[in-house]
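Written out below as structure tokens is the structure these notes cover.
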Amino acid sequence: HSVSKALYPILSYSDNINGGNSPKPLVLGNLTFDGDETLYRKEGVVAGFGAGVSGRYIHAEGKYFTYGVNASYAHSPKYGLGIATTSANLSSINHIKNWWFLNAHINTSRVRKDITDGTNSNLSLTSSKVYASGENTYSEASFGVNRYFAESYNQNQLLFGYKTIHANRVYSALNFTIGESVENQLANKFALSGQLTTRLAKKPLKLSASYSQADGGMLLGVARDETTIAVSASYPIWKNLTASVGYRRTDSTIDYFDVNTPTFGIQFAPLQF
């Protein structure tokens, strides 16, 4: 049984510090609605601290549990507002035979802002196979099911994944999620994400990209579907500091929900004890 505790500072950019609404007018057919200015979203730099506890408990050969609990608070000096985040996870990893695994995962997270307070959870069961896909190249293929719990709906999802450690020390990963339709709820229909980690000047350069589609939403009888694209890159710039930069775009059938925002931040190496 091994346990690790960590403290870490936070410095990042948030495009919605208070959980507010878009300042644009909401146009639905021939109707136009103007929002309350006091409820407009606020964006800017936030800074704070987080703490976490994680561990692993081996209860049999090839079988173990992992768990973690985290809490953080980031504050906006400009607006005097904060973002409080808490999360917890538990996984059961089980080697069955010939590098076949059967794993169970559960996680939950809560984000509290000045206006909103949101919670979501996942409960999944996956099967995976680890194998040598080439000389000094190792891969893991996985398939599973997930039950997603949001505040206003639940959704069943199919999960597919493929990860590889290449002979040249490059790491790559692809993940697919397919979700069932949820009546009158904007829910994830399809999501694809990829990650590539390579070395640049003897340091790890991490590149990530994702694409997702959501449909089924309804607002006053008007259908709401969305497509989101995001890209990001992170790189250690100095000792225990890693910089990240990216961009996220959401295109909605209702223009009021369109989002185009940069993402950037500084990650500090956690102080572990």
Practice task
Can you establish whether the number of heavy atoms outside Arg249 located under 6.0 Å from its atom CZ is more than 12?
Solution key: no
Practice task
Of all the heavy-atom pairs spanning Thr197 and Pro204, show the shortest one and how long it is.
Solution key: CG2-CB, 4.2 Å
Problem - Shortest non-hydrogen contact from Tyr235 toward Leu200 - result: OH-O, 2.6 Å
Problem - Residue pair Val245 / Thr263, side-chain heavy-atom distance below 4.5 Å - result: no
Exercise for the section: Compute whether any side-chain donor of one residue and acceptor of the other, for Asp34 and Thr32, lie under 3.5 angstrom apart. Expected result: no
Problem - Asn260 side chain to Tyr247 side chain, donor-acceptor N/O pair below 3.5 angstrom - result: yes
Problem - Polar contact flag, side-chain donor to acceptor under 3.5 angstrom, Asn122-Ser124 - result: no
Problem - Atom NZ of Lys113: over 12 foreign heavy atoms under 6.0 Å - result: yes
Problem - Leu26 with Leu220, same ILVMFWY side-chain cluster at under 4.5 Å - result: yes
Practice task
Measure centre to centre between the rings of Phe160 and Phe143, then say whether the value is under 6.0 Å.
Solution key: yes
Completion exercise
When Arg248, Arg41, Lys42 are each screened for side-chain hydrogen bond (donor to acceptor under 3.5 Å, both in side chains) with Asp15, the one that passes is Arg248
Practice task
Would you sort out whether Arg110 and Asp117 count as a salt bridge (charged side-chain N to carboxylate O under 4.0 Å, His left out), showing the intermediate values?
Solution key: CA-CA 7 Å; Arg110 179 182 181 185; Asp117 187 347; 2.6 Å; yes
Practice task
Report yes or no: do Ser234 and Gln267 form a side-chain donor-acceptor pair below 3.5 Å?
Solution key: no
Handout entry: Closest contact, heavy atoms only, Asp258 versus Ser252
Key = OD1-N, 2.6 Å
Problem - Value rounded to 0.5 Å, distance of CG in Asn156 from OG in Ser181 - result: 11.5 Å
Exercise for the section: Tell me, yes or no, whether the heavy-atom count around Lys5 atom NZ, taken from other residues, nucleotides or ligands under 6.0 Å, exceeds 12. Expected result: no
Practice task
List in chain and number order the residues that pass side chain to side chain contact (heavy atoms under 4.5 Å, CB included) with Phe149, two or more places apart in sequence or in another chain; answer none if no residue qualifies.
Solution key: Ser121, Leu123, Arg147, Asn154
Problem - Residues, nucleotides or ligands: over 12 heavy atoms within 6.0 Å of Lys63 NZ - result: yes
Handout entry: Reported CG-to-CG distance for the pair Leu205 and Leu196, which is rounded to 0.5 angstrom
Key = 8.0 Å
Practice task
Compute whether any side-chain donor of one residue and acceptor of the other, for Ser139 and Tyr162, lie under 3.5 angstrom apart.
Solution key: yes
Exercise for the section: Report yes if the distance between the aromatic ring centroids of Tyr64 and His59 is under 6.0 Å, otherwise no. Expected result: no
Practice task
Might you work through the side-chain contact (heavy atoms from CB on, under 4.5 Å) test for Thr86 and Ser109, ending with a clear yes or no?
Solution key: CA-CA 6 Å; Thr86 55; Ser109 64; over 6 Å; no
Problem - Test log, rule side-chain contact (heavy atoms from CB on, under 4.5 Å), inputs Leu31 and Phe33 - result: CA-CA 7 Å; Leu31 301 176; Phe33 301 89; 3.8 Å; yes
Problem - Gly161 to Asn175 - nearest heavy-atom pair and separation - result: CA-OD1, 3.8 Å
Practice task
Measure across Gly20 and Asn16 and return the closest heavy-atom pair with its distance rounded to 0.1 Å.
Solution key: N-OD1, 2.8 Å
Handout entry: Six-ring centre of Tyr67, Arg56 cation under 6.0 angstrom, axis tolerance 45°
Key = no
Handout entry: Ser54 side chain to Ser4 side chain, donor-acceptor N/O pair below 3.5 angstrom
Key = no
Problem - ILVMFWY cluster, Ile266 and Val45 together (side-chain gap under 4.5 Å) - result: yes
Problem - Connected via hydrophobic side-chain network under 4.5 Å: Leu11 and Leu241 - result: yes
Handout entry: Exercise: do Tyr153 and Glu151 side chains pair donor with acceptor under 3.5 Å
Key = no
Completion exercise
CG (Asp215) and CG (Asn188) are apart, to the nearest 0.5 Å, by 9.0 Å
Exercise for the section: Taking all non-hydrogen atoms of both residues into account, name the closest pair between Asn70 and Gly52 and its distance. Expected result: OD1-CA, 3.3 Å
Problem - Point-to-point distance, once rounded to the nearest 0.5 Å, from CG of Asp36 to CG of Leu39 - result: 4.5 Å
Practice task
Using the rule that two of Ile, Leu, Val, Met, Phe, Trp, Tyr join whenever any of their side-chain heavy atoms come within less than 4.5 Å, decide whether Leu90 and Val3 are in one cluster.
Solution key: yes
Completion exercise
Output for pair (Leu192 CG, Phe190 CZ), nearest 0.5 Å, gives 5.0 Å
Practice task
Using the rule that two of Ile, Leu, Val, Met, Phe, Trp, Tyr join whenever any of their side-chain heavy atoms come within less than 4.5 Å, decide whether Ile106 and Val145 are in one cluster.
Solution key: no
Handout entry: Donor-acceptor side-chain pairing of Gln157 and Gln155 below 3.5 angstrom
Key = yes
Exercise for the section: Can you establish whether the number of heavy atoms outside Tyr40 located under 6.0 Å from its atom OH is more than 12? Expected result: yes
Handout entry: Polar contact flag, side-chain donor to acceptor under 3.5 angstrom, His75-Tyr73
Key = yes
Practice task
Would you check if there is a donor-acceptor pair between the side chains of Glu43 and Tyr13 at a distance under 3.5 Å?
Solution key: yes
Handout entry: Heavy-atom neighbours of Lys78 NZ exceed 12 at 6.0 Å
Key = no
